[in-house]
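Everything below concerns the one structure shown next.
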Amino acid sequence: MRTYLIAGALALASCVVVTGAFVSPTFAAATDYRFEAAGKQAHLSGDKAVMIVRLVHVPDGKPVMDAVIFETKADMSPMGMATMTSPTTVEPASGDGLYRIDLDAGAPGPWAITLAAKVQGETETVRGSVVVTLEK
């Protein structure tokens, strides 16, 4: 009987050691990221505008190079005209972590660009918005 108790205690101890040694990966929260306008304010050329945004990992201030922006929306909600929208297209980040967004804005003024992105290694979707004033 004593042999069984010792064997059981050793088995339990080995489970505790193995379980204690396992460290689950740590993920940042989606709130650890922020979209921000990069470079100059966009200017309208006809009905077209180009806006450059950067996705930043807030704790270390570094740009995120490998995010996939899969949702964009542009509207004039900063002027109280949320129903005035613009089609958008996004180009993947260049080597410096900048993402290009093309707008068919059609009107100068403040535009809100709402974005959603997936960052490699993160489980949550990163969401944010940037307001840019388009000038003729």
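Quantities reported herein were computed from a predicted structural model and do not represent experimental measurements.
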Report summary line: What one should report as the nearest heavy-atom pair of A82 and T85 is O-CG2, 3.7 Å
**Report entry** Non-hydrogen atoms of A116 and R127 that approach each other most closely
**Finding:** CB-NH1, 3.3 Å
Query raised in the report: Of all heavy-atom pairs between I113 and A74, which one has the smallest distance, and what is that distance?
Result: CD1-CB, 3.6 Å
Requested in this report: Enter the distance from M79:CE to T133:OG1 here, rounded to the nearest 0.5 Å.
Outcome: 9.5 Å
Query - Value rounded to 0.5 Å, distance of CE in M51 from CG in D102 - result: 11.5 Å
Requested in this report: From the options E122, E124, H57, select the one residue that forms a side-chain contact (heavy atoms from CB on, under 4.5 Å) with D32.
Outcome: H57
Query - T72: partners by side chain to side chain contact (heavy atoms under 4.5 Å, CB included), with sequence neighbours left out - result: I69, T88, V90, L115
Report task. Identify whether V64 and V56 are in the same connected component of the hydrophobic contact network (ILVMFWY, side-chain heavy atoms under 4.5 Å). Result -> no
Query raised in the report: Do L98 and V50 sit in the same hydrophobic cluster, where Ile, Leu, Val, Met, Phe, Trp and Tyr count as joined when their side-chain heavy atoms come under 4.5 Å apart?
Result: yes
Requested in this report: Could you grab the distance from atom CH2 of W111 to atom CG of D75, nearest 0.5 Å is fine?
Outcome: 7.5 Å
**Report entry** Side-chain touch L55/V126, heavy atoms, less than 4.5 angstrom
**Finding:** yes
Query raised in the report: Are K48 and D104 side-chain neighbours, meaning at least one heavy-atom pair lies under 4.5 Å?
Result: yes
Query raised in the report: Got a sec: does the NZ of K118 have more than 12 other heavy atoms crowding it under 6.0 Å?
Result: yes
Report task. Group every Ile, Leu, Val, Met, Phe, Trp and Tyr by side-chain heavy-atom contacts under 4.5 Å, then state whether L134 and M81 land in the same group. Result -> yes
**Report entry** Where M84 and A107 come nearest, the two heavy atoms and their spacing
**Finding:** CE-CB, 3.5 Å
Report task. Might you point out which heavy atoms bring R54 and A38 nearest each other, and give the distance in Å? Result -> NH2-CB, 3.8 Å
Report task. Return the minimal non-hydrogen interatomic distance between V58 and Y33, and the atom names on each side. Result -> CG2-C, 4.0 Å
